[in-house]
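Data first, discussion second: the structure below is written as structure tokens.
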Amino acid sequence: MAYAGVPYHAAGRAKSAPRSHRSYERSKRMLDILMASVGLAVLSPLMAIVAILIKLDDPRGGVLFRQVRVGRWGQEFTMFKFRSMASDAEQRLEQLLQLNEIQGKMFKMKNDPRITRIGRLLRKTSLDELPQLWNVLLGNMSLVGPRPSLPREVAQYTIAERERLHVIPGCTGLWQVSGRSRLSFEEMVALDLHYIRHRNLRMDIGLIFRTFKVMILKSDAY
């Protein structure tokens, strides 16, 4: 897989990782499987209620939103979320690109007209992200890591920004607990690269608990 003519499977992937790093990767995967399994079991009643509310609010669309994202080494995968937008949201995106409220290669709009009534609540509380626990079990996402980008965003990445693709993308990370939608794309990348270069199991666990705190006390999501 390559974007903008740059193959991602060559450089970093070919080198064998140090033993300590391989041990961290194994421990991280075990943590992912354990917490995702427990999370799905405990939160299944809440997820069922959310699914019903989504259908009541907009019966025309499905409960889940599936979107192609770019994971480690540029490999594409299907990411799951609870649908928070109208069923024709993707078709209407082109009309809204000029209203983007975040600097850089991502699209963010606080009063996005495509978001449904229940969708605003789901985004404010981050409940729309819960189905990504399935992605964690499948192994194409981790609990902690850089957020997976869209192919059209990755196609515009600089060489430095492509370092985000050296690790498995995550459900949460430094960006989510450090300002989220208030940050520019460049600030998000800087936080992701800091995480990639300093990550360890203690940091991962700390970020998971900080995410719970942010979800309970406040939210910068939209």
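Sequence positions, counted from 1, serve as the residue numbers for this chain. Predicted model only: the values in this text are computed from it and were never measured. Just the heavy atoms: all of them, side chains too, but no hydrogens, waters or symmetry mates, feed the values below.
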Can R69 and S149 be counted as having a side-chain donor-acceptor contact under 3.5 angstrom?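 Checked: R69/S149 side chains show no N/O donor-acceptor pair below 3.5 Å.
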Check: R66/T78 side-chain N/O donor and acceptor closer than 3.5 Å: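 No - no donor-acceptor pair under 3.5 Å links their side chains.
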Pairwise distance [atom1]([X]) to [atom2]([Y]) - rounded to 0.5 angstrom:
X: I205; Y: R210; atom1: CD1; atom2: CZ; value: 14.0 Å
X: D192; Y: E187; atom1: CG; atom2: CD; value: 12.0 Å
X: N135; Y: I168; atom1: CG; atom2: CD1; value: 11.5 Å
X: W73; Y: L165; atom1: CH2; atom2: CG; value: 9.0 Å
X: L133; Y: L143; atom1: CG; atom2: CG; value: 7.0 Å
X: T125; Y: L130; atom1: OG1; atom2: CG; value: 8.0 Å

Distance-only, no hydrogens or angles: does the [X] side chain make a donor-acceptor pair with backbone N or O of [Y] under 3.5 Å?
X: D128; Y: F82; value: no
X: T172; Y: I208; value: no
X: S178; Y: W175; value: no
X: Q156; Y: R152; value: yes
X: K124; Y: G119; value: no
X: H198; Y: H194; value: yes
X: Q75; Y: R72; value: no

Heavy atoms, side chains only, cut-off 4.5 Å: are [X] and [Y] in contact?
X: M47; Y: L40; result: yes
X: M30; Y: M35; result: no
X: V50; Y: I54; result: yes
X: V63; Y: I52; result: no
X: C171; Y: V144; result: no
X: M141; Y: W134; result: no

Group every Ile, Leu, Val, Met, Phe, Trp and Tyr by side-chain heavy-atom contacts under 4.5 Å, then state whether [X] and [Y] land in the same group.
X: I49; Y: L127; answer: yes
X: L31; Y: F212; answer: yes
X: L150; Y: M188; answer: no
X: F65; Y: I118; answer: no
X: M203; Y: F209; answer: yes

Apply salt bridge (Lys or Arg N to Asp or Glu O under 4.0 Å) to the pair E163 and R197, showing each step before the final yes or no. CA-CA 10 Å; E163 191 176 336; R197 294 163 185 169; 2.9 Å; yes
Applying side chain to side chain donor-acceptor pair (under 3.5 Å), which residue pairs with at least one partner in residues 31-42 are found, sequence neighbours left out?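 Only D32-S142 qualify under side chain to side chain donor-acceptor pair (under 3.5 Å).
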Are E129 and R147 close enough, and set up right, to give a salt bridge (Lys or Arg N to Asp or Glu O under 4.0 Å), and what steps lead you there? CA-CA 11 Å; E129 311 280 0; R147 287 297 294 168; 3.3 Å; yes
Heavy-atom closest pair, residues [X] and [Y]:
X: G74; Y: V70; value: CA-CG1, 3.6 Å
X: L201; Y: S27; value: CD2-CB, 3.8 Å
X: L174; Y: L191; value: CD1-O, 3.4 Å
X: P148; Y: M79; value: CG-SD, 3.7 Å
X: R83; Y: L122; value: O-CD1, 4.1 Å
X: D58; Y: A86; value: OD2-CA, 3.8 Å

Please step through side chain to side chain contact (heavy atoms under 4.5 Å, CB included) for the pair D204 and Y195, ending with a clear verdict. CA-CA 9 Å; D204 288 341; Y195 168 77; 2.6 Å; yes
Heavy atoms of other groups near R29 CZ, more than 12 under 6.0 Å: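 Counting other residues, nucleotides and ligands, CZ of R29 exceeds 12 neighbours.
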Check this for me: does any side-chain nitrogen of one of E25 and R199 sit under 4.0 Å from a carboxylate oxygen of the other?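 Salt bridge flag = yes for R199 with E25.
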Yes or no on side chain to side chain contact (heavy atoms under 4.5 Å, CB included) for F80 and Q67, after CA distance, side-chain angles and deciding distance? CA-CA 7 Å; F80 304 109; Q67 189 175 53; over 6 Å; no
